[in-house]
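Please read the structure below before turning to the comments.
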Amino acid sequence: MNQRRSRTKFTEDQLKILIKAFDQNPYPGYATKQRLALEINTDESRIQIWFQNRRARHQCQKKSEPDEDLESRQDQDHSEEEIQSREDRRCRTSYTSSQLHTLIGAFMNNPYPGIDTREQLAKEIGIPESRVQIWFQNRRSRFHVQRKREPDDQDSEQRQDQDQDLWDERVQAALAPGAQQAASDQRTVSTEGGRGQHLIAHNPRQLLPSCCF
DNA sequence: TCTAATCTTATCAGGGGCACCCTGATAAGCACATTAGA
């Protein structure tokens with residue numbers, strides 16, 4: 001089950017263009033990323049990921065080459081570029097109640113959808129897949145925050161053990177030949193994302209707007 | 001082995017409705033995020 005997006009292989013020419021753009025500004029705004037996407041004939045979301053990874057590698061290199069002058073200059077550059085980037089953000093996507101209903105339903109079924117599911121959802125609600133991915137990221141994040149804020153209605157250690165047991169059970173079920181995901185359970189877990197984190201909706205309604213009921 | 005893809009967490013910022021709150025977008029990741037495909 002290949003649930004990850006297949007790896008993008010950039011050509012040498014594409015990389016030249018990307019690296020040149022990175023050297024000019026490691027924090028390009030949305031318009032720049034779109035222009036680059038057009039120029040090298042790829043999706044804007046792939047450009048965004050490439051810049052994120054490039055910045056991460058760049059930071060590592062910077063740490064391993066402690067040149068104070070270079071470092072301070074680059075830090076200064078970054079702060080200016082960050083401001084530029086913030087002026088050029090992508091416009092907020094606003095979802096209709098119908099679109100949200102679909103997304104929330106999918107989230108309750110599986111908070112870690114793979115590329116196929118995300119693309120299917122994107123097609124269904126007419127939103128780019130990259131926005132669906134971001135929606136799930138934000139949703140999971142706020143779910144985790146909410147879980148932390150919840151008052152303990154039982155011993156937390158006991159609850160963690162129960163969560164782990166349920167997680168293991170679902171992983172076993174998912175790996176079993178011909179296994180079907182039990183999606184109707186109120187306590188829902190899935191491994192489709194494949195990273196091993198688990199997230200259990202004790203009460204999924206807590207995260208849902210009233211318009212969904 | 002390299003690096004695209006993905007994850008969590010924190011924060012910025014738009015928009016609804018008038019002081020915040022919700023939530024989409026973005027950045028960082030520090031015993032230098034982790035995972036996994038080519």
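Quick note on labels: first sequence line is chain A, next is B, and so on, each numbered from 1. Note that the coordinates shown come from a computational prediction; the quantities given were computed from them, not determined experimentally.
Distance from the side chain of A:Gln133 is smallest to B:dC7 among B:dC7, B:dT26, B:dT35. The A:Lys33 side chain lies nearest to B:dT26 when the options are B:dT26, B:dC7, B:dA28. Of the candidate nucleotides B:dC2, B:dT26, B:dA25, B:dT26 has the atom lying nearest to any side-chain atom of A:Tyr30. For A:Arg140, taking side-chain heavy atoms from C-beta onward, the closest of the listed nucleotides B:dT8, B:dT26, B:dA4 is B:dT8. Here the nucleotide nearest the side chain of A:His144, chosen from B:dA33, B:dT9, B:dG24, is B:dT9.
The side chain of A:Ser6 places no N or O atom within less than 4.0 Å of a non-bridging phosphate oxygen (OP1 or OP2) of B:dA38. Contact annotation: A:Gln59 does not reach the phosphate of B:dC30 (side-chain N/O to OP1 or OP2, under 4.0 Å). Side-chain nitrogen and oxygen atoms of A:Trp135 include none within less than 4.0 Å of the OP1 or OP2 phosphate oxygen of B:dT23. Considering only side-chain N and O atoms, A:Arg89 lies nowhere under 4.0 angstrom from the phosphate OP1 or OP2 of B:dC12. For B:dT8, neither phosphate oxygen OP1 nor OP2 lies less than 4.0 angstrom from any side-chain nitrogen or oxygen of A:Arg142. Under 4.0 angstrom from either OP1 or OP2 of B:dT6 there lies at least one side-chain N or O belonging to A:Arg5. In this model, the phosphate group of B:dA25 is not approached by any side-chain N or O of A:Tyr27 to a distance below 4.0 Å at OP1 or OP2.
Here the separation of B:dA31 from B:dT3, taken at their P atoms, is 24 Å to the nearest Å. Taking atom C1' in both B:dC30 and B:dG24, the straight-line distance is 28 Å, to the nearest Å. When the P atom is compared between B:dC22 and B:dG17, the two are found 14 Å apart, to the nearest whole Å. As rounded to the nearest Å, B:dT35 and B:dG14 have P atoms that lie 35 Å from one another. Separation of the P atoms belonging to B:dA36 and B:dT8 is 14 Å when rounded to the nearest angstrom. B:dT9 and B:dA33: their C1' atoms are spaced 11 Å apart (whole Å). The separation of B:dG29 from B:dT34, taken at their P atoms, amounts to 13 Å, rounded to a whole angstrom.
Placement of A:Ile104 and A:Val132 within a single hydrophobic cluster is found when ILVMFWY residues are connected by side-chain heavy-atom separations under 4.5 Å, directly or transitively. Using a 4.5 Å cut-off between side-chain heavy atoms of Ile, Leu, Val, Met, Phe, Trp and Tyr, with links allowed through other members, A:Met108 and A:Leu100 fall into the same hydrophobic cluster.
Residue-to-nucleotide contacts include no donor-acceptor pair under 3.5 Å from the side chain of A:Arg55 to the base of B:dG29. You won't find any donor-acceptor pair under 3.5 Å spanning the side chain of A:Arg90 and the base of B:dT26, going by distance alone.
The CD1 atom of A:Ile19 sits 10 Å away from the P atom of B:dA4 (whole-angstrom rounding). Taking atom CZ of residue A:Arg57 and atom C1' of nucleotide B:dA28, one finds them 15 Å apart after rounding to whole Å. In this structure, A:Ile134 atom CD1 and B:dA5 atom C1' are separated by 12 Å, rounded to whole Å. With rounding to whole Å, A:Ile127 atom CD1 is found 11 Å from B:dG24 atom C1'. Distance, A:Glu44 CD to B:dA25 P: 10 Å, rounded to whole Å. Protein atom OH of A:Tyr112 is 17 Å distant from nucleotide atom C1' of B:dA36, rounded to whole Å. Between A:Arg7 atom CZ and B:dT1 atom C1' the separation is 10 Å, expressed in whole Å. Distance, A:Arg4 CZ to B:dT35 C1': 5 Å, rounded to whole Å.
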Give me the distances for all protein-to-nucleotides 15-17 of chain B N/O pairs that come in under 3.5 Å?
none

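With a 4.5 Å cut-off on side-chain heavy atoms, A:Phe51 and A:Leu36 count as touching.
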Which atom pairs, donor and acceptor, lie under 3.5 Å between side-chain atoms of residues 11-18 of chain A and protein residues at least two apart or in another chain?
{"from": "A:Thr11", "atom 1": "OG1", "to": "A:Gln14", "atom 2": "N", "distance (Å)": "3.1"}
{"from": "A:Thr11", "atom 1": "OG1", "to": "A:Gln14", "atom 2": "OE1", "distance (Å)": "3.4"}
{"from": "A:Gln14", "atom 1": "OE1", "to": "A:Thr11", "atom 2": "N", "distance (Å)": "2.8"}
{"from": "A:Gln14", "atom 1": "NE2", "to": "A:Ile40", "atom 2": "O", "distance (Å)": "2.7"}

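Along DNA chain B, the nucleotide closest to A:Ser45 and the one closest to A:Gln48 are compared, and the more 5′ of them pairs with A:Ser45. The residue among A:Ile49 and A:Ser94 whose nearest nucleotide of DNA chain B lies closer to the 5′ end is A:Ile49.
Using a 4.0 Å heavy-atom distance criterion, A:Gln137 is classed as a base contact. Using a 4.0 Å heavy-atom distance criterion, A:Arg54 is classed as making no nucleic acid contact.
At a threshold of 4.0 Å, the pair A:Arg5-A:Glu129 counts as salt-bridged, since one of the basic side-chain nitrogens sits closer than that to a carboxylate oxygen.
Taking both residues in full, the closest heavy atoms of A:Arg46 and A:Thr8 are given as CD-OG1, 3.6 Å, listed atom of the first, atom of the second, then distance. Scanning both residues, A:His144 and A:Tyr112, for their nearest heavy atoms gives NE2-OH, 4.1 Å.
No donor-acceptor distance shorter than 3.5 angstrom exists from the side chain of A:Glu44 to the backbone of A:Lys33, with no hydrogens or angles considered.
Between the CD atom in A:Gln48 and the OG atom in A:Ser130 there is a gap of 7.5 Å [rounded to 0.5 Å].
For A:Glu39, the side-chain hydrogen bond (donor to acceptor under 3.5 Å, both in side chains) criterion is met by A:Arg35, not counting sequence neighbours.
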